[in-house]
There are 2 protein chains.
Amino acid sequence: MSEEKKFFKSAFSVDPVIFGFDQGDLKVLLIKRGVQPFKDQWALPGDLVYPNEDLDSAAGRVLGELTGLKDVYLEQVHTFGKVGRHPLGRVITIAYYSLIKIDNFEFTPASLASHVEWHDISTIKELAFDHMPILKTCFDKLKWKIRSYPVGFELLPKKFTLTELQKVYEAILEKELDKRNFRKKLLSTKLLTDLNESQKGVSHRPAKLYSFDTAKYEQLQSQGYNFEI
Amino acid sequence: MSEEKKFFKSAFSVDPVIFGFDQGDLKVLLIKRGVQPFKDQWALPGDLVYPNEDLDSAAGRVLGELTGLKDVYLEQVHTFGKVGRHPLGRVITIAYYSLIKIDNFEFTPASLASHVEWHDISTIKELAFDHMPILKTCFDKLKWKIRSYPVGFELLPKKFTLTELQKVYEAILEKELDKRNFRKKLLSTKLLTDLNESQKGVSHRPAKLYSFDTAKYEQLQSQGYNFEI
DNA sequence: TCAAAAGTGTTCTTATTACACCCATGG
DNA sequence: CCATGGGTGTAATAAGAACACTTTTGA
């Protein structure tokens, strides 16, 4: 046991990559660091995990403190643990990504205190620590995920139009999709509920609103159904 | 900094799930624990990560100590960190899976010392710690991986027959595949080199031997090619 | 009446599935 | 000459890709 003491001198953190969607662009929530190391640089909003705290809970806590949101989509991606990646000691970090509905987002006191901002993912060129590769890994995972699971909806309000949904896919996959094929595919899943409502106040033909039928998806999934785009 | 001291009291381990393939069955390398906790129970061959050791290196080291092999296929899968998952303190573990060619496998002194055995994956019902869910998570990842990347070859000798390869896929995917369609698909990738050699000493028509063209795969992949089964 | 985005089907091409018989070898 | 696994092709079906015009609304 005393032999093992030397091992118990490490810490670990969680680093959630928080994705949002607005105006046709995929956004990432970053904080501007107020303290050393990497003072005044943009970083992912990570935190150390408490000794009595589960990893997923820690990621959820960081997310809640920052956004005021509970019960959002959160998924572990990869653990980064290079020796020397953190100036304070041996700290490995477990990366998560989260999908949130930006319109629900409220700045909490904690997030007002420091600088917290949405950044268009395509404009992020430099981050503190090893946060650039973490961001890339999480984005790649999201790219894969959205083709096999219906997670795109997590970025949209409950009621959305098909064009909005298509723009989510286009922003994440970084390529344009054919409107007719996209609609055909999505509607053929039978997982979109036509709400018989329309957009209001747009100066063009108003689009129909849909919602995603989570219950039906879960029921189909339990029977072996796979959502594929 | 003293405030942060309380965080630096944790340890982390790596737990590689080592897959092998023999006689048509997918195998996992397990050790029988010689010490408490979980003495005399089967477990994944994990170890604590040294303070000055990278995570991937640690997983490679454990693998090398146990099997005598270097440079084998190794991939990080997921990090398990529930409070209380380890009796000695806060220990989170980073799970890896590895694919090795069983015919290269040699017991090293380290592995002779303790009990080390290949177990047919379908027969494993109970493991020490939280190693059952770790095993399941790694197996699920391998199932996914083999459909999108040519990793099945890692489990076979350099020269193999198409039937052997098919059996690898069937063992991992846990379902039977059509012989003609499987061969058509694999040969259409143009990534198998026909060695113009045949099996020797089998009491039936001898099968042709193939090898996987890694260089060609990497070249195609860099041009955006996706291997899909 | 104009601008802007919504909505809608068909054809062509490609990939997937299902399926049965002859072949080469060792015993 | 028998038992064993190796090796091969085609037809039917399903999925994916390409493509252009009409509709509805607010200004």
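Throughout, a chain's letter reflects where its sequence line sits, starting with A, and its residues are numbered from 1.
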Mapping Y210(B) and V202(A) to their closest nucleotides on DNA chain D, which lands nearer the 5' end? Y210(B)

Going by number, which of residues 176-198 of chain B have a non-hydrogen atom under 4.0 Å from DNA chain C? D178(B), R180(B), N181(B), K184(B), K185(B)

Should we count NZ of K167(B) as having more than 12 external heavy atoms under 6.0 Å? no

Check whether any side-chain nitrogen or oxygen of S203(B) sits under 4.0 Å from OP1 or OP2 of dT25(C), and answer yes or no. no

Side chain of R205(A): nearest nucleotide among dT24(D), dG27(C), dA27(D)? dT24(D)

Base, sugar-phosphate, or nothing for T161(A), non-hydrogen atoms under 4.0 angstrom? nothing

Q166(B) CD to dG6(D) P, in whole Å, measures 9 Å

For E176(B), does the CD atom sit with more than 12 other heavy atoms under 6.0 Å from it, leaving out its own atoms? no

Crowded around K101(B) NZ? As in, over 12 foreign heavy atoms under 6.0 Å? yes

Mind checking what makes ring pair (Phe, Tyr, Trp, His ring centres under 6.0 Å) contact with Y73(B), not counting sequence neighbours? Y97(B)

Between L99(A) and E154(A), the two heavy atoms sitting closest are CB-CB, 3.7 Å

If you measure from CG on D130(A) to NZ on K82(A), what distance do you get to the nearest 0.5 Å? 9.0 Å

Upstream residue (5' side of DNA chain D) when P206(A) and P206(B) are each assigned their closest nucleotide: P206(B)

